[in-house]
J.: 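If you scroll down you'll find the structure; I have some questions about it.
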Amino acid sequence: EIMLMPDDEVHYHFELTDNDNISGPKKTISEKLIAMVPSLADLYKEMESEEENIEEQFNDSVDELINLKEQLEKMELNVLKAEDDLEWEDQQKIKEMVSKAKDEFERIKNISNAMESLMKESQKHNLLMPDLSEKFTELSKLINEIIPENILNDLNEIQNSLEEMNLEELQKSLEQMASNISEIESELDRYIDIFKRLKAEQKLDELKNRLGKLTQQKSKLDEDSPN
């Protein structure tokens, strides 16, 4: 078993021998291949890059949800002012809002999945202390559960009320959706703060981990050095 450390390289090749019993076995040797163990610096850099992307998605989603809530509230007033039918332009705007809401809910799911994948990768390379890794994993679960189970039904209610031109039900559905969006945006904003705090803790973990790996490397060098 080879004891590999970050930044170590393994040089290897393959040898194949045929079963030619007449003229004798022939050997084929491949080109030399090199496998390199990523350094801790590379692993942490890649992890931080992924985290920056997640945080950017967080912020973009919050901005979009705030904008969507404002659009819904404005549309509520338009529906209240309408007498029998809603103007075609407003009908199209409502359809766009429903589509945008679905896109944002999908983005939130993707944020959760990205965080979960990142934690699995960090665990594979022991980049985080177990308790911090658990906090990130728990946050990922909370984000995944942030969207109420009935919210897609609420979106369908908006579409049905629009098709039937039931303005009273449409106004109620828009009001309910605006309220749901507001709650999701508020929770997501809170989770961003938690994510930032966990990233700060991660920096301390990284320092401890780097020092630990340096100690291991020194011990390995001491063992390999002739007396």
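In this text, all values refer to a predicted model and were calculated from it rather than measured experimentally.
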J.: May I ask you to decide whether Arg107 forms a salt bridge with Glu64, counting only side-chain N to carboxylate O separations under 4.0 Å?
T.: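 Judged by the 4.0 Å cut-off on N to carboxylate O distance, Arg107 and Glu64 do not form a salt bridge.
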J.: Please determine if Lys124 and Glu121 form a salt bridge, counting it only when a charged side-chain N lies under 4.0 Å from a carboxylate O.
T.: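 Yes, Lys124 and Glu121 are salt-bridged.
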J.: Is it the case that the side chain of Ser122 and the backbone of Met119 share a donor-acceptor pair, with hydrogens and angles ignored and the cut-off at 3.5 Å?
T.: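 Judged by distance alone, yes, a pair lies under 3.5 Å.
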J.: Does Ser133 offer a backbone N or O that forms a donor-acceptor pair with the side chain of Thr137 under 3.5 Å?
T.: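 Here the side-chain-to-backbone pair exists.
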J.: Is there a donor-acceptor pair under 3.5 Å between the side chain of Lys109 and the backbone N or O of Asn144?
T.: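 The answer is yes, because a donor-acceptor pair under 3.5 Å joins these two groups.
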J.: Between Lys100 and Glu104, does any NZ, NE, NH1 or NH2 come within less than 4.0 Å of an OD or OE carboxylate oxygen?
T.: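 Result for this pair is no, no salt bridge flagged.
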J.: Are any of the side-chain nitrogens in Lys199 or Glu52 under 4.0 Å away from the carboxylate oxygens of its partner?
T.: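 Salt bridge flag = no for Glu52 with Lys199.
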J.: Would you say the side-chain atoms of Gln91 pair up with the backbone N or O of Leu86, donor to acceptor, closer than 3.5 Å?
T.: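 Between the backbone of Leu86 and the side chain of Gln91 there is a qualifying donor-acceptor contact (under 3.5 Å).
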J.: Between Asn59 and Glu55 (side chain of the first, backbone of the second, donor and acceptor by atom type, cut-off under 3.5 Å), is there such a pair?
T.: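 Yes, because the side chain of Asn59 sits within donor-acceptor range (under 3.5 Å) of the backbone of Glu55.
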J.: Looking at Tyr44 and Leu127, would you say the former's side chain and the latter's main chain have a donor-acceptor pair under 3.5 Å?
T.: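 Present.
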J.: Could Glu168 and Lys172 be called an ion pair, given the rule that one side-chain N must be under 4.0 Å from one carboxylate O?
T.: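 Salt bridge: yes.
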J.: Does the Ser161 side chain pair with the main chain of Glu157, one donor and one acceptor, at a distance under 3.5 Å?
T.: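 Side chain of Ser161 to backbone of Glu157, a donor-acceptor pair under 3.5 Å: yes, one is there.
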J.: Does the pair Arg190/Glu187 count as a salt bridge with the N-to-O cut at 4.0 Å?
T.: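 The answer is yes: the pair qualifies as a salt bridge.
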J.: Under a 3.5 Å distance rule, please check whether Ser140 uses its side chain to pair with a backbone N or O of Ser112 as donor and acceptor.
T.: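 Flag set: sc Ser140 to bb Ser112 pair under 3.5 Å.
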J.: So does Lys45 get a backbone contact from the side chain of Ser49, meaning a donor-acceptor N/O pair under 3.5 Å?
T.: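 Judged by distance alone, no pair lies under 3.5 Å.
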J.: Kindly check if the number of other-residue, nucleotide or ligand heavy atoms within 6.0 Å of CD (Glu134) is above 12?
T.: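 Atom CD in Glu134 is not packed in, count stays at 12 or less.
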